[in-house]
Peer 1: 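Following this message is one structure expressed as structure tokens.
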2 protein chains.
Amino acid sequence: MNKADLITEVQKHLGIECSKAHAERAVNAVLSAVTRGLQVDGEVQVVGFGTFHVKDRAARTGLNPQTKQPMQIPASRTVGFRVGSGLRSAVAPPREDAS
Amino acid sequence: MNKADLITEVQKHLGIECSKAHAERAVNAVLSAVTRGLQVDGEVQVVGFGTFHVKDRAARTGLNPQTKQPMQIPASRTVGFRVGSGLRSAVAPPREDAS
DNA sequence: AAACCATGAATAAGGCCGACCTGATCACCG
DNA sequence: CGGTGATCAGGTCGGCCTTATTCATGGTTT
């Protein structure tokens with residue numbers, strides 16, 4: 001699924017009277033809000049879906065794949081995601097003993 | 001940031017004429033759509049923000065922290081997230097040599 | 001619809017960091 | 001108020017990150 005597909009799916013969820021442009025604004029607003037929350041709080045938690053959190057990684061040693069020489073990977077900041085129980089169970093494989 | 005804060009921030013992004021309830025529906029629609037995309041495609045990619053992907057993890061050996069005895073962690077399915085370059089740079093620390 | 005630019009995936013190998021297990025507790029969320 | 005989520009113990013295994021190139025895809029603009 002890409003962004004266009006996501007917008008289409010959001011439109012379905014919002015109801016068919018919602019325009020595609022409106023759904024697009026909703027998607028962009030949510031992504032921007034998550035980004036803003038990470039900038040301000042370092043963490044965005046949506047219970048049941050998951051938690052985004054800013055991670056600082058210390059400098060470490062890596063290998064340059066071209067030269068095979070060790071090199072220093074500088075300290076960096078990235079964003080991690082811990083999946084919540086609702087999302088985890090939503091993607092779980094079907095139960096074998098469901099019937 | 002929690003879900004209520006996220007909804008408030010989304011409302012700001014959508015414009016002040018958008019109600020809180022409307023912003024909440026937008027948030028829920030986006031989360032549901034991402035969930036649906038993961039169920040159907042196994043992956044949801046938003047260029048610049050990041051990519052959610054369903055991961056199957058094989059069974060592996062772990063340690064029961066209570067008993068200190070090795071135990072088998074059963075195969076499972078979870079959701080990973082690879083941060084996109086836009087989000088990564090949005091949370092990056094300020095440049096020291098910006099001026 | 002087409003064009004154009006940006007983003008992202010894949011690949012090489014090594015070393016380090018993070019996920020995950022259980023069970024209890026507490027805080028927070030909705 | 002009930003459910004979710006974070007924390008903690010320690011060992012093992014999987015994933016991250018490096019560079020440079022190429023190609024595919026995505027997304028916005030025209």
Side-chain angles (χ1 to χ4, degrees), chain A residues 1-8 10 20-21 23-25 27-28 31-32 37 41-90 92, chain B residues 1-8 10 20-21 23-25 27-28 31-32 37 41-90 92:
Chain A
M1 182 187 260
N2 60 20
K3 189 172 177 182
D5 300 329
L6 183 64
I7 289 164
T8 299
V10 164
K20 184 70 71 71
E24 181 172 355
R25 282 196 295 274
V27 169
N28 288 336
L31 297 177
S32 296
D41 290 347
E43 181 169 287
V44 177
Q45 180 190 54
V46 182
V47 169
F49 184 81
T51 303
F52 299 90
H53 58 288
V54 173
K55 294 193 287 190
D56 283 307
R57 308 237 6 220
R60 64 191 195 271
T61 307
L63 196 83
N64 182 328
Q66 300 283 98
T67 65
K68 303 297 193 291
Q69 295 301 308
M71 69 174 297
Q72 195 69 358
I73 304 170
S76 63
R77 185 171 289 176
T78 186
V79 173
F81 178 75
R82 290 190 296 272
V83 62
S85 62
L87 181 58
R88 188 191 292 270
S89 59
Chain B
M1 181 186 262
N2 59 23
K3 190 172 176 181
D5 299 330
L6 183 65
I7 289 164
T8 300
V10 164
K20 184 70 70 71
E24 182 171 356
R25 281 195 297 275
V27 170
N28 288 335
L31 297 177
S32 296
D41 289 348
E43 182 169 286
V44 178
Q45 179 190 53
V46 182
V47 169
F49 184 81
T51 302
F52 299 90
H53 56 289
V54 172
K55 293 193 288 190
D56 283 308
R57 310 241 358 226
R60 64 193 195 273
T61 307
L63 195 84
N64 183 328
Q66 299 281 101
T67 65
K68 302 297 192 295
Q69 295 301 312
M71 68 172 297
Q72 196 70 354
I73 303 170
S76 63
R77 185 172 287 174
T78 187
V79 174
F81 178 76
R82 292 191 297 272
V83 61
S85 61
L87 181 59
R88 188 190 293 272
S89 59

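Since the model is a prediction, treat every value here as computed from it, not as a measurement. Here is the naming used below: chain letters follow the sequence lines, and residue numbers restart at 1 for every chain.
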Peer 1: Select from B:Val47 and B:Arg57 the residue whose nearest nucleotide in DNA chain C is closer to the 5' end of that strand.
Peer 2: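 Between the two, 5'-proximity favours B:Val47.
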Peer 1: Which nucleotide sits closest to the side chain of B:Pro65: D:dA6, D:dT18, C:dC21?
Peer 2: C:dC21
Peer 1: Within the 4.0 Å heavy-atom criterion, would you say B:Thr51 contacts the bases, only the backbone, or no part of the nucleic acid?
Peer 2: sugar-phosphate
Peer 1: With a non-hydrogen cut-off below 4.0 angstrom, is B:Gln45 in contact with a base, only sugar-phosphate, or nothing?
Peer 2: sugar-phosphate
Peer 1: Starting at NZ of B:Lys55 and ending at P of C:dG18, how long is that distance when rounded to a whole Å?
Peer 2: 14 Å
Peer 1: In whole angstrom, what separates A:Asp56's CG from D:dC17's P?
Peer 2: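 Distance check: A:Asp56 CG to D:dC17 P gives 12 Å.
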Peer 1: Side chain of A:Ser85: nearest nucleotide among C:dT22, D:dT4, D:dC13?
Peer 2: D:dT4
Peer 1: When all nucleic acid strands are considered with a 4.0 Å heavy-atom cut-off, which category describes B:Gly84: base, sugar-phosphate, or nothing?
Peer 2: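 If one applies the 4.0 Å heavy-atom cut-off, B:Gly84 turns out to touch the sugar-phosphate alone, with no base involved.
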Peer 1: Measuring from the side chain of A:Leu63 (C-beta onward, heavy atoms only), which nucleotide among D:dT18, D:dG5, C:dA12 has the closest atom?
Peer 2: D:dT18
Peer 1: Over how many whole Å does the gap from B:Leu6 atom CG to C:dC29 atom C1' extend?
Peer 2: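 Result: 14 Å.
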Peer 1: Rounded to whole Å, how long is the line connecting atom NZ of B:Lys3 with atom C1' of D:dT4?
Peer 2: 13 Å
Peer 1: Quick one: A:Phe81 CZ to C:dC20 P, roughly how many Å, whole number?
Peer 2: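 Taking atom P of C:dC20 as the reference, CZ of A:Phe81 is at 12 Å.
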Peer 1: Separation of B:His53 atom NE2 from D:dG14 atom P, in whole Å?
Peer 2: 15 Å
Peer 1: Parallel, tilted or perpendicular for B:Phe52 and A:Phe49, by the 30°/60° rule?
Peer 2: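 The rings of B:Phe52 and A:Phe49 stand perpendicular, inter-plane angle above 60°.
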Peer 1: Looking at A:Glu43 and A:Arg82, is any side-chain nitrogen of the basic one under 4.0 Å from a carboxylate oxygen of the acidic one?
Peer 2: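 A:Glu43 and A:Arg82: salt-bridged.
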Peer 1: Nearest whole Å is fine: how far is D:dG10 P from B:Lys68 NZ?
Peer 2: 6 Å
Peer 1: Does A:Asn64 or A:Met1 map to a spot on DNA chain D nearer the 5' end, using the closest nucleotide for each?
Peer 2: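 Whichever sits nearer the 5' end wins; that is A:Asn64.
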Peer 1: Nearest whole Å is fine: how far is D:dG10 C1' from B:Met71 CE?
Peer 2: 14 Å
Peer 1: Consider the side chain of A:Glu24, meaning its heavy atoms from C-beta on, and name the nucleotide among D:dC13, D:dT28, D:dC17 that approaches it most closely.
Peer 2: D:dT28
Peer 1: What's the closest nucleotide to the side chain of B:Asn2 if the choices are D:dG14, D:dA6, C:dG30?
Peer 2: C:dG30
